[in-house]
Structures are given as structure tokens and as C-alpha cells.
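Written below as C-alpha cells is the structure these notes are about.
All ligand and atom numbering here is 1-based and tracks the order in the structure.
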Amino acid sequence: MNILIIGAGGFIGSNLSEEILERKKEWNITAIDISDAKISHLLNKDKFNFIKADIIKETEIVDDALKNCDVVLPLAAIASPLTYVQDPMRVFELDFEANLRIVKQAAKLKKRVIFPSTSEVYGMCSDEAFDEYNSNCVTGPICKQRWIYSCSKQMLDRVIFALGIRDNLQYTLFRPFNWIGPRLDDINNPNNGSSRVVTQFLSNILHGKNLKLVDGGAQIRCFTYISDGVDALIKIIENKNGCANQEIFNVGNPYNELSIKDLAYKIKELAKSYSRTKTFAEAAKIEEINSSEYYGKSYQDVNRRVPSIANAKEKLDWIPQVNMDELLKRTMDFYFK
Ligand code: NAD
Ligand code: UGA
């Protein structure tokens with residue numbers, strides 16, 4: 001099978017590529033990204049064909065690669081809340097417009113699309129657990145620009161769903177719920193908001209900075225270790241007996257539910273056991289900060305985000321394996337050892 005991974009140089013793309021090269025020797029990967037910084041160790045693999053390209057400016061390269069693949073994963077996007085608030089149009093142009101073009105081209109060429117939706121599509125939904133086929137998508141006022149990412153992804157979900165009906169586009173939508181692991185973000189960037197929360201806290205400690213609890217840190221997230229996410233993706237790509245066809249899957253770990261405040265104290269405690277961060281971890285304070293100060297006034301938050309994974313369990317025979325302590329240990333071993 002010929003797999004096209006656009007954004008293969010990123011967190012999910014690099015981990016997925018690594019696992020496919022390890023486990024699926026009969027699959028070929030064509031990888032497109034503007035950066036190979038996180039995949040330099042894969043460039044010499046004979047089943048991994050990397051093409052450096054900007055999917056916004058070099059559309060002909062993308063279209064050529066689409067013609068030669070069986071399935072495409074358009075992973076290239078901006079997935080950082082600070083950017084949603086500070087540069088919403090850049091999020092729209094890449095996450096929506098550039099990916100809309102790819103999805104429509106794939107439909108025209110009759111290629112299967114496996115699209116990275118997001119848990120953010122549910123927004124501030126009040127359901128106990130978010131369900132792919134029953135939960136509402138609840139976003140805030142237009143002035144809260146954080147939601148441009150959620151709406152970009154939701155609109156693509158809706159376009160793909162519609163193309164599935166009108167043009168019989170073969171697709172699967174997957175919704176990662178806070179996937180965490182090696183190469184998530186660059187923790188050498190000490191600026192607040194430069195990373196997602198786990199890597200942000202690791203970065204704070206590494207640079208001797210305090211950990212900030214935005215609006216008090218009572219927000220709840222469910223964190224998923226990258227190996228569980230990649231296992232689900234490989235099952236989706238395999239698509240045994242068409243189990244993933246025209247499906248939407250939450251890919252998250254409801255058993256790893258905790259508040260950001262509890263996360264901060266956990267990370268501070270665990271960081272004391274690494275020689276590189278022991279001193280800083282002992283000194284680091286955990287303090288509160290207002291979201292408008294931390295992100296800006298057009299930020300709005302998701303207070304509780306818990307996935308129902310019944311669909312993935314039933315159709316993919318998938319269940320997450322890595323608990324929160326193990327998730328943090330493996331991630332901190334990668335960044336701190
Ligand atoms: P990432 O930022 O690590 O990777 C994105 C990749 O896209 C990067 O390697 C970047 O170089 C590349 N890219 C950006 N602009 C490009 C361009 N113009 N041309 C070519 N390549 C370009 O992100 P990620 O965490 O791996 O997320 C991958 C996808 O999954 C995204 O669509 C994201 O919205 C989605 N997602 C991720 C998570 C998560 O927990 N990480 C959660 C929900 C959804
Ligand atoms: C993230 C991003 O939108 C995407 O990577 C992805 O689509 C989404 O997760 C997902 O998994 O689907 P979010 O979880 O809000 O969304 O992003 P984080 O930056 O990881 O923040 C998580 C929580 O921690 C937020 O409530 C944030 O305010 C808080 N936070 C973050 C702090 O309290 N302190 C910090 O230093 C950083």
C-alpha cells in the first residue's frame with residue numbers, strides 16, 4: 001500500500017512513520033513536509049520517500065504525490081492554541097484552505113482520506129463524554145478567535161462527510177484527544193504558550209521557570225500516549241473488512257482524566273527524579289495566571305474534555321494501553337534523559 005503522509009515531519013507524522021516502517025514492511029510512505037528536523041533518522045529508509053515542500057505554495061508537488069498514493073493523511077496544520085488567538089488567519093489558511101484543496105483533489109482522484117479532526121470540534125460541549133454521532137459542537141462568540149481552529153476542523157469534517165455522500169469519497173475522520181509523547185513540541189523554546197500543556201510544563205521546569213495554571217487550572221483533559229494513538233491509526237489504515245470506512249473515531253484515553261492543576265503537581269514531582277531537572281523542579285512554583293494575560297483576550301477554554309471511545313473499541317477493536325504515570329515517564333525520559 002502507498003501511503004501519503006502530509007505533515008510527516010511533525011509529532012504525529014514522525015511517530016506514525018516510525019511505527020509503519022517498523023511494523024508494516026509491505027507499506028510505502030511518501031512524506032511531505034516543510035521541515036525534516038524531527039525525521040532525519042528516517043530519511044535513509046528505503047520505504048520512506050521524503051519530499052520537502054510547502055503545501056500552500058507547491059500544490060503541484062502535492063497533486064503529483066496524491067496521484068501515486070492509495071491513501072492520504074493530510075496532517076499538516078497549526079495545532080497550537082496560542083496561534084489560534086494570535087494569528088487566526090494563518091490557522092484558517094493552512095488548517096482549512098490548504099487542506100480543503102487536498103481533500104477535494106483526493107475526492108476527484110478517488111483516493112481514500114484519513115483526516116486528522118480534533119477533540120476541539122466538540123468545543124465546550126457539556127456531555128459527560130463526547131460522542132462522535134450524538135454530541136453537539138459548541139463554540140464561543142466570534143470575538144473569541146480561539147475557535148477558528150475548531151471551526152476549521154469542523155467545517156472540513158462536514159465537507160468530507162458531504163463528499164462521502166455526494167461523490168462516494170472513502171474517508172475516516174479521527175479525533176485525537178491530547179496525544180502526548182516524544183517530539184510533541186520543542187521544549188527548548190521557553191516562551192509561554194509555545195507548546196501544548198505537558199511539554200510547556202516540561203519546558204518551564206527545564207528553564208527554571210514557574211508553572212502557570214491558566215485561569216486556576218481546574219480544566220480537565222484526558223491525555224493519550226502517542227503509541228496508543230498510532231496503534232489506532234494503523235488499524236484505520238489497515239481498514240480490515242472496511243471497519244473504518246465512512247467512520248468518525250475519537251482516539252483518546254478517558255482513563256487518563258485529570259485537571260491541569262493535578263498535572264502540574266505530578267510533573268513537578270516526577271521531574272525531581274531526573275538529575276537534569278531535579279534542582280529546578282524543587283524550586284519551581286505553581287502559580288495562577290489569567291488566560292487573557294497568558295494567551296490574549298480572544299482566548300476561551302474547554303473546561304472538561306472526555307472522549308467516548310465506544311466506537312473505536314467496537315469497530316477497530318482498539319483500547320488505549322498507557323496510563324498517565326507511564327505516559328509522563330516515557331515522555332520525560334525522552335526530553336530529560
Ligand atoms: P505538528 O505541528 O507537530 O505537525 C504539523 C506538521 O505540519 C509539521 O511538521 C509542520 O512542519 C508541517 N507543516 C506546517 N505547515 C506546512 C506547510 N505549509 N507545508 C508542509 N508542511 C507543513 O502537529 P501534530 O501534533 O503532529 O498534529 C498533526 C495533525 O493532527 C494536525 O492536523 C493537528 O490539528 C491534528 N491534531 C493533533 C493533536 C495532538 O494531540 N497532537 C490533537 C488533535 C488534532
Ligand atoms: C490542544 C490543541 O488545540 C491541539 O493540539 C489539539 O487539537 C487539542 O489539544 C486536542 O488534543 O484535540 P488544548 O488541550 O486546549 O488543545 O491545548 P493545551 O495547550 O495542551 O492546553 C491544555 C489546557 O492547559 C488548557 O486549559 C490551557 O489553558 C492549560 N494550560 C496550558 C495551562 O494551564 N498552563 C500552560 O502553561 C499551558
Check your understanding: Would one find an N or O of I55, backbone or side chain, under 3.5 Å from an N or O of ligand 1?
Key -> yes
Study note, to complete from the structure: In ligand 2, the atoms that come under 4.0 Å of a heavy atom of Q200 are 36 (O)
**Study point:** R146-T139 side chain donor-acceptor pair, cut-off 3.5 Å
**Key:** no
Exercise for review: Check whether any heavy atom of A8 sits under 4.0 Å from an atom of ligand 1.
Suggested key: no
Point to revise | Heavy atoms from other residues, nucleotides or ligands near NZ of K240 exceed 12 (cutoff 6.0 Å) | key: no
Exercise for review: For N239 and N245, test the side chains for any donor-to-acceptor distance below 3.5 angstrom and give the result as yes or no.
Suggested key: yes
Check your understanding: In terms of side-chain geometry, is the basic nitrogen of R304 or E128 positioned less than 4.0 Å from the acidic oxygen of its partner?
Key -> yes
Review point. Is the shortest distance from a Lys or Arg side-chain nitrogen in E97 or R101 to a carboxylate oxygen in the other one below 4.0 Å?
Key: no
Practice item. Looking only at distances, please establish whether an N/O atom of ligand 1 is found under 3.5 Å from an N/O atom of T118. Key: no
Review point. Closer than 4.0 angstrom: is that true for some heavy atom of R183 and an atom of ligand 1?
Key: no
**Study point:** Residue, atom name and distance, where the atom is the protein heavy atom closest to atom 23 (C) of ligand 2
**Key:** I260 CD1, 3.7 Å
Exercise for review: For atom 18 (P) of ligand 2, state which one of T83, V197, I220 supplies the nearest heavy atom.
Suggested key: V197
Review point. For the residue pair Y122 and F177, does the interplanar ring angle fall in the parallel (under 30°), tilted (30 to 60°) or perpendicular (over 60°) class?
Key: tilted
Review point. N/O to N/O below 3.5 Å, does that happen between I56 and ligand 1?
Key: no
Check your understanding: If you measure from atom 19 (O) of ligand 2 to every heavy atom of K261, R146, Q300, R196, which option wins on shortest distance?
Key -> R196
Revision key, fill the gap. Looking only at protein heavy atoms, what sits closest to atom 34 (N) of ligand 2 is K212 O, 2.7 Å
Exercise for review: For Y84, take its heavy atoms, then give the atoms of ligand 2 lying under 4.0 Å from any of them.
Suggested key: 2 (C), 3 (O), 4 (C)
Check your understanding: Does NZ in K24 sit with more than 12 non-hydrogen atoms of other residues, nucleotides or ligands closer than 6.0 Å?
Key -> yes
Practice item. Say whether S35, considering both its backbone and side-chain N or O atoms, lies within less than 3.5 Å of an N or O atom on ligand 1. Key: no
**Study point:** Within 45° cone of Y225 ring axis and under 6.0 Å: R330 NZ or CZ
**Key:** yes
Practice item. Consider ligand 2: state whether an atom of it lies below 4.0 angstrom from any non-hydrogen atom of R305. Key: yes
Check your understanding: Going by heavy atoms, is K153 under 4.0 Å from ligand 1?
Key -> yes
Exercise for review: Below 4.0 angstrom from a heavy atom of G7, which ligand 1 atoms are there? Numbered from 1 as shown, please.
Suggested key: 6 (C), 7 (O)
Practice item. List the closest protein heavy-atom neighbour of atom 16 (O) of ligand 2: residue, atom name, distance to the nearest 0.1 Å. Key: E120 OE2, 2.9 Å
